[in-house]
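Below is one structure, written out as structure tokens; comments come after it.
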Amino acid sequence: MNPSVRVLSIVPDKPVEVAVDETGAPAPAKPMLKFERVGFEYDGRTIMSNVSFGIRPGELVALLGPSGCGKTTILNLVAGFLQPTEGVAFIDNREIAGPSPDRGVVFQAAALFDWMTVADNISFSLRCAGRPKAERRQVAEEMAALVGLSGFENSYPYQLSGGMRQRVGLARVLAAKPKVMLMDEPFSALDVQTREVLQEEVLRIRERTGCTILFVTHSIDEAVFLGDRIFLLTDLKDGAFDELAVDLPSPRATGENRLHPGFIRLREMIYRKMRH
Amino acid sequence: MNSAALLAKRRYLALAILSPLSILLLWTFVTVQGAVPATILPSPAAVTASFLDMIQRGYSGIGIWTHIGASLWRVGIAFVAGSALGIAIGLLRGRVPAVDALFIVPSELVRPIPPLGLIPLFILWFGIGELSKILLIFLSVLLIMMVNAQAGSRSCALDALRAAQSMGAGRWQTFRFVVLPSALPQIMTGLRVSMGTGLTILVASELLGGDRGLGFVILDASSFFRTTYVFAGIILIGLIGLISDRGIAYIAKRVVHWEGKR
């Protein structure tokens, strides 16, 4: 009952510093998502520079850090909402040029279209792609069922609770069948119970769809519970950040892991790291 | 609906009815006292008599429905054309900086000019017929709707735009499904404001001459000191304003069903 927790401190242009309990092999050569020395400046201010990483297909990487550390900027760069001011960001070895349905985003405040029903929100990407009405309806019903919203297809977002709104946000991204799901602190405004249920939902959906997920959070618990790997971000101006591999028992999508000694140990370790 | 909400609704209705009734009461009281001469402020009874007379026999030999119809036609066509064009230009100005640059100086230069000040020019350019009257109302509706639609299109949330783009929406789809619905609450408010203003300009526009229309009735009656008919005309315009405003508000509530619910 001793999960292997490996910690690699990655500092560009420097060798790997710390390596605790080195079991796993290094990442396979073909990442689905890749940053090569990416930098971003805004209003003449450097938000990040020289950031490099690779994310494998099917991986769930949690970007953990305090507000202002640049974690949302990474997400916006992957989404194509922002363009790097230096370096290159790749998806499937193609340079990211702008937003596209292969990278779906779940927003912190859901960002649903209040003027559309739940079904129309969910099937919006199909509408944009010119798919026929019957298909849209069918996909909306399937996705609503997948996120536990069956029976709410004809409701409007303002008639739903915060947790249900985020379920719609999740479903509309899934309907577009993205390669990567980008989640920007999607559950931070929800109460603890709802948040935990939805975290388990994310893991369940990942098991079903095999989707690659980049998850931005400022909650240590959330990062440890969800992530295969955690990027521990404090200041990205020199491109350095710590990286931790999480190895908790499978299936992950059960609340039991929250009580696992490995979960608690990792949480404590990150807490001390971030404090210091 | 629960009983508290029902009670609140009844109280609202009671106040909405009580307020005009008390004005009427005050009016009756002042005129019965004889404190003001009837040519300045006629009694409600005298106004009602003229009102009924106008409904039955028309004014200056023309049926009242012809007067009402002439006014509604002018306001109606100017309102429809002005708001359609104003909304289109306003939305474009909100989303395309080049379009905004084209319109900003001319529209902001014209907007503060009172329509009355434009009447001499409009007579010179378009004569004293229907065209002048309609164009004067059209212009004021256009300017109001442009401002509202532009502000509305800018009220669109950044996350909503980004969400649409990341789900594959092109420029037109983003506009049609996100920008336009986001702007609708403000557009609806603009329609109510511009309808009110349109009716105001109507009276001014009928200064331009002609022999029909509610504005004509009011102006003609006032120049002959037929004060009761002035009041009757004013009340008719007021009623049209009240009905059209409630109508637009009713439609707005159904179109923009999500407003204020989050």
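Chain A is the first sequence line, chain B the second, and so forth, proteins listed ahead of strands; every chain is numbered from 1. In this text the structure is predicted, and so the values were computed from the model without any measurement. Values reported hereafter were calculated over all heavy atoms of this structure, with side chains retained and with hydrogens, waters and symmetry mates removed.
- By the 4.0 Å N-to-carboxylate-O rule, A/Arg137 lies too far from A/Glu135 to be salt-bridged with it.
- Aromatic ring centres of B/Phe177 and A/Phe113 lie farther apart than the 6.0 Å criterion allows.
- Heavy atoms of A/Asn76 lying under 4.5 Å from chain B belong exclusively to its side chain.
- If you check the side chains of B/Arg93 and B/Ser107, you find a donor sitting under 3.5 Å from an acceptor.
- Although no hydrogens or angles enter the test, the distance criterion places no donor-acceptor pair under 3.5 Å between the side chain of B/Ser205 and the main chain of B/Leu136.
- If you take CG on A/Leu33 and CG on A/Leu214, they are separated by 6.5 Å, rounding to the nearest 0.5 Å.
- The NE2 atom of A/His218 sits 10.5 Å away from atom OG1 of A/Thr72, with the distance rounded to the nearest 0.5 Å.
- A donor-acceptor distance shorter than 3.5 angstrom exists from the side chain of B/Ser71 to the backbone of B/Leu214, with no hydrogens or angles considered.
- Using a 4.0 Å cut-off between charged nitrogen and carboxylate oxygen, A/Lys71 and A/Glu185 count as a salt-bridge pair.
- Shown here is B/Arg11, whose CZ atom has no more than 12 heavy atoms of other residues, nucleotides or ligands within 6.0 Å.
- With a 6.0 Å radius and a threshold of 12 heavy atoms from other residues, nucleotides or ligands, A/Lys177 has its NZ atom at or below the threshold.
- Between B/Glu206 and B/Arg74 there is a salt bridge, since at least one side-chain N of the basic residue sits less than 4.0 Å from a carboxylate O of the acidic one.
- At a heavy-atom separation below 4.5 angstrom, chain B is approached by A/Tyr156, A/Tyr158, A/Arg165 within residues 138-167 of chain A.
- Contacts of residues 192-201 of chain B with chain A at a heavy-atom distance below 4.5 Å are absent; not one residue qualifies.
- In plain terms, the two heavy atoms of A/Asn121 and A/Met116 that are nearest each other are ND2-O, 3.0 Å.
- Here the closest non-hydrogen pair linking B/Ala183 and B/Leu91 is CB-CD2, 3.8 Å.
- Here CG of B/Leu180 is found 9.5 Å from CH2 of A/Trp115. Values are rounded to the nearest 0.5 Å.
- Chain B is approached within less than 4.5 Å, heavy atom to heavy atom, by A/Arg103, A/Val105, A/Phe107 from residues 102-110 of chain A, ordered by number.
- Using non-hydrogen atoms only and a strict 4.5 Å limit, the part of residues 155-172 of chain B facing chain A consists of B/Asp159, B/Ala160, B/Arg162, B/Ala163, B/Ala164, B/Gln165, B/Ser166, B/Met167, B/Gly168, B/Ala169.
- Of the two parts of B/Val255, neither the backbone nor the side chain holds a non-hydrogen atom closer than 4.5 Å to a non-hydrogen atom of chain A.
- Distance alone, capped at 3.5 Å, places no donor-acceptor pair between the A/Glu196 side chain and the A/Gln193 backbone.
- Looking only at heavy-atom pairs under 4.5 Å with chain B, the residue among A/Pro101, A/Pro178, A/Ala176 that has the most is A/Pro101.
- The side-chain tip of A/Arg229 does not point at the ring of A/Phe231 from less than 6.0 angstrom away and within 45° of straight on.
- Looking at A/Glu207 and A/Arg204, no side-chain N of the basic residue comes within less than 4.0 Å of a carboxylate O on the acidic one, giving no salt bridge.
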